Each structure stands twice: as structure tokens, then as C-alpha cells.
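Chain letters run A, B, ... following the sequence lines, proteins first and then strands; every chain starts at 1. Quick caveat, the model's predicted, so the values are computed rather than measured.
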Amino acid sequence: MPLFERLYNFAHWLTQDREEAEDLVQETYAKALKGFSSFQPGTNFRAWIYQILRNTFLTSRTGLKSTATVPLDLGGDDETVPAANDTPESILLQRSDQQLVQEALGRLPVPYREVLLLCEFEEMSYQEISTTLAVPVGTVMSRLSRARRALRDTVQELRGNKGT
Amino acid sequence: MACELWTENLDAYFDGELPADEARAFNEHLRQCATCAAEGLRRVQQKRAVQAVGQRFTPNPAFRASIQKSIAAPRQSPWGWRWLPVFLSATAATLLIASAFLLNLQHDRRSEQQLLSELVDQHVATLASANPVDVVSSDRHTVKPWFQGKIPFTFNVPELQDSPFVLVGGRVAYVSQSPGAELIFRVRQHQMSVFIFQERGLREARENEAVRTALSFQVRTWRHNGLRYFVIGDASAQDLDKLSELIKAAG
């Protein structure tokens with residue numbers, strides 16, 4: 001998939017709104033064109049343009065709201081919940097509930113949603129994510145770990161709601 | 001619990017971020033530890049699920065078109081102003097090169113004119129001299145060897161049988177401190193000088209084969225085999241051309 005479509009997809013995931021996503025992508029391209037001289041050849045172009053998109057989003061109204069209401073890296077260093085109840089059956093069930101995962105991902109706070117998308121969907125390395133989010137690699141790892149746990153919890157919560 | 005150490009690295013392992021040796025050790029552990037293997041499987045499943053649902057939104061074709069247009073659109077004014085200094089300096093550079101070229105050309109012309117004047121002067125001095133030649137002979141087999149050891153090159157004297165030209169003799173001439181040969185020919189009542197110099201000694205005279213007049217004398221000049229030839233005289237243009245052809249034919 002070309003970068004433009006990936007950028008749009010990412011923008012839509014962040015804003016959760018088509019019109020806002022379009023504005024965000026448009027502004028990203030305008031900024032990228034204007035500031036292309038600041039791009040250092042040989043460095044990661046993808047991380048550079050995602051960084052522009054993300055910074056643009058964070059300074060937008062929706063972006064400001066999303067970060068104002070959700071403290072970054074919330075949740076402390078809880079122990080990973082043992083996966084004792086995971087069985088082949090439950091895994092099969094998980095495979096079938098992509099709908100739940102999609103909904104849960106949309107519900108996650110922006111910092112978790114974006115780090116998950118960058119890692120799982122964009123398949124960026126920790127280093128690339130670190131560049132894009134402008135945080136140390138260690139922070140990327142801890143945020144990713146919390147985001148995954150939060151996603152799992154949310155999926156379970158949604159499943160529980162649906163089950164009852 | 002020993003597995004705690006491993007579970008800390010589960011994410012890094014499945015994200016492909018563990019160094020090769022640690023990844024190998026981890027792999028080994030996963031084969032033996034059911035708990036870690038199950039947890040790993042769960043994480044891989046979640047990873048794949050996010051991967052699958054990640055591609056959810058596609059841009060409108062109209063929106064794509066408008067972005068493409070905005071990228072491709074030429075940004076006239078900032079572009080123009082940005083390149084103005086480049087344009088100006090390029091123009092200045094072009095003018096500089098052009099004027100340097102013209103100056104050089106003028107300099108070349110001037111030095112060529114100087115050289116011709118010098119040669120005409122020598123020709124006139126030869127005509128005026130009581131002893132116009134140092135080697136008096138109409139025999140080309142006498143004149144050519146006479147120059148041996150006097151000039152740093154050799155040349156062929158043309159065969160003049162069946163031609164109106166007569167070889168009067170020869171002498172050593174100097175231009176820009178370089179020695180050369182001056183051959184004097186006669187056609188009817190006119191005398192002509194043929195100067196032969198090494199091209200190296202006449203570096204400044206860059207004109208190619210040319211026909212011109214200097215101080216109303218006819219001049220023919222050309223280059224051949226690293227030598228520069230000048231035919232100077234007050235005979236007719238046709239006579240000069242004929243003599244030039246004979247000398248060129250002699251090589």
C-alpha cells in the first residue's frame with residue numbers, strides 16, 4: 001500500500017473522523033513540501049513524514065483534546081496478567097472477534113492507539129517509532145507493553161459486555 | 001520464577017527486536033516452557049489481529065486527486081524569488097565568461113597582428129638589404145641543408161620547375177626569440193618571403209589557416225606538422241596562392 005494511503009489510514013485512526021483525517025493529511029503534505037529542506041537524505045523518510053502528521057494532529061483541536069484528557073503512559077508497571085486461561089479454543093475465539101479488536105483499538109487512548117498501529121500495522125522498528133514519537137526507545141517499549149495490555153483488557157471488557 | 005525474565009522480553013522477541021543470540025536462547029526456552037509458549041502465541045494472535053484491523057480507512061478518490069494536484073502545482077512566486085539570486089549570479093557568470101572570452105579573442109587578434117607586422121617588417125628589411133640572403137642559391141638541395149644546425153627543425157623546399165617562381169635564397173629569421181627559416185622567392189619583379197617557425201614558439205598566434213593583408217602586403221598562413229608557415233609579399237594574390245600550394249605540396 002502506498003505511503004499516501006497508509007498516512008490517510010493512520011490519520012483516520014487518530015482523528016476517528018474522515019473530514020478531520022483529510023485536513024490532517026492535507027496539512028501534513030503541505031508542511032512536508034514546505035519543510036522538505038529539513039529532511040536529511042539518508043534518514044528515515046517514513047518516520048519523518050509520520051512525525052509531521054502526528055505533530056500536526058497533536059496541535060489540532062482533536063489532538064489537544066485527546067492528550068489533555070488522557071495522561072500519557074498511564075497505568076504504572078503492573079505485572080502481566082498470567083495467560084493461564086488461554087486455550088486453543090479461546091485463541092480460536094479471539095481469531096473470530098476481529099470486530100472486537102477493531103472497536104477496542106478505537107477506544108484506546110491516542111498514545112496507545114498510535115504506538116500499536118505504528119508497531120503492528122506499519123511494522124516500524126522500535127527505533128523508527130522512537131523517531132516518530134520523539135521519545136526514547138525505552139519509552140517506546142514500555143508504552144507498547146501497556147498499550148497491548150490495555151487492548152487486551154478492552155477486548156475482554158467488550159466481550160464480557162456482549163456476553164451478558 | 002525463572003520465566004519472569006523471559007516474559008519481560010516476549011514483546012521484543014515477537015517484534016523482532018532481540019539481538020540474534022538472545023533470540024536464539026529465547027527460541028530454545030519457548031520449546032521447553034509451555035507457559036511462555038502459550039503467552040507468546042496469545043501475543044502473536046493479538047499482533048496479527050491489530051495488523052488485520054489496522055487497515056480500515058481508505059481515502060476518497062477525490063481527496064487523493066486534490067492532494068496530488070496540490071503537490072504537483074507549481075508554486076510560482078516563491079519559486080521565482082528563491083531562484084532569483086541563482087539566476088542573477090548565473091547571468092553574471094555568463095557575462096564574465098563571455099567578456100573574458102572576448103578579451104582573450106581580442107588579445108589573440110592583437111598578438112596575431114603584432115606577429116604579422118613583425119614578419120612584414122622582416123620581409124621589408126630583407127628587400128631593403130644589400131645582402132638579402134645568407135645562402136644564395138636557386139637550388140633547393142643547397143638551401144635546405146644550409147639551415148641544418150641553425151634552426152631546431154627541418155622542412156621541405158618545393159620543386160619549382162615549370163613554375164614562375166625562382167628561389168633566391170634563405171636566411172635565419174627570429175620571431176619571439178625563436179629562430180626560423182626565411183626563404184626568398186621571386187616571381188617576375190616581386191619578391192616574396194616564406195617564414196617557417198615552430199608553432200611552439202608562436203603560442204600566442206592562434207589564427208588558423210587564413211588569408212589577409214598586412215600593411216598592404218599579401219599574407220598567407222597555415223600550420224602543418226607543428227610548423228607555422230607565412231607567405232608574405234607584394235605579388236598578386238594568385239601568385240601567393242600558387243606558391244603556398246607548392247610549399248604545402250612539398251610538405
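B:Gln46 contributes atom CD, which lies 11.0 Å from atom CZ of A:Arg149 (distance to the nearest 0.5 angstrom). Of the inter-residue distances, the one linking A:Glu120 atom CD with B:Arg48 atom CZ reads 11.5 Å to the nearest 0.5 angstrom. If you take CD on B:Glu17 and CG on A:Leu144, they are separated by 9.5 Å, rounding to the nearest 0.5 Å. Remark: B:Leu10 CG to A:Arg148 CZ distance equals 10.0 Å, nearest 0.5 Å. Summarising the geometry, atom CE belonging to A:Met141 is positioned 8.5 Å from atom CG belonging to B:Asp15; distances are rounded to the nearest 0.5 Å. Rounding to the nearest 0.5 angstrom, the gap separating the CD atom in A:Glu5 from the CZ atom in B:Arg64 is 4.0 Å.
Ring geometry, A:Trp13 versus B:Phe57: the interplanar angle exceeds 60°, so the pair is classed perpendicular (tilted spans 30 to 60°).
Here the closest non-hydrogen pair linking B:Lys47 and A:Cys119 is NZ-SG, 4.1 Å. Across B:Arg56 and A:Asn9, no two heavy atoms sit closer than the pair N-OD1, 3.1 Å. Across all non-hydrogen atoms, the minimal contact from B:Val53 to A:Gln98 is CG1-O, 3.5 Å. Counting all heavy atoms, side chain and backbone alike, B:Pro59 lies closest to A:Phe4 at CG-CE2, 3.7 Å. Taking every heavy atom of both residues into account, B:Gly54 and A:Leu117 meet most closely at CA-CD2, 4.0 Å.
Residue B:Gln51 touches chain A through both its backbone and its side chain, counting heavy-atom pairs closer than 4.5 Å.
Residues that satisfy the salt bridge (Lys or Arg N to Asp or Glu O under 4.0 Å) test with A:Arg107, not counting sequence neighbours, are A:Glu103.
Under a cut-off of 6.0 angstrom, the local environment of CD in B:Gln32 is crowded, with over 12 non-hydrogen atoms contributed by other residues, nucleotides or ligands.
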Listing, residues 24-31 of chain A side-chain donor-acceptor contacts under 3.5 Å, not counting sequence neighbours, or none:
from, atom 1, to, atom 2, distance (Å)
A:Thr28, OG1, A:Leu24, O, 2.7
A:Lys31, NZ, A:Thr56, OG1, 3.3

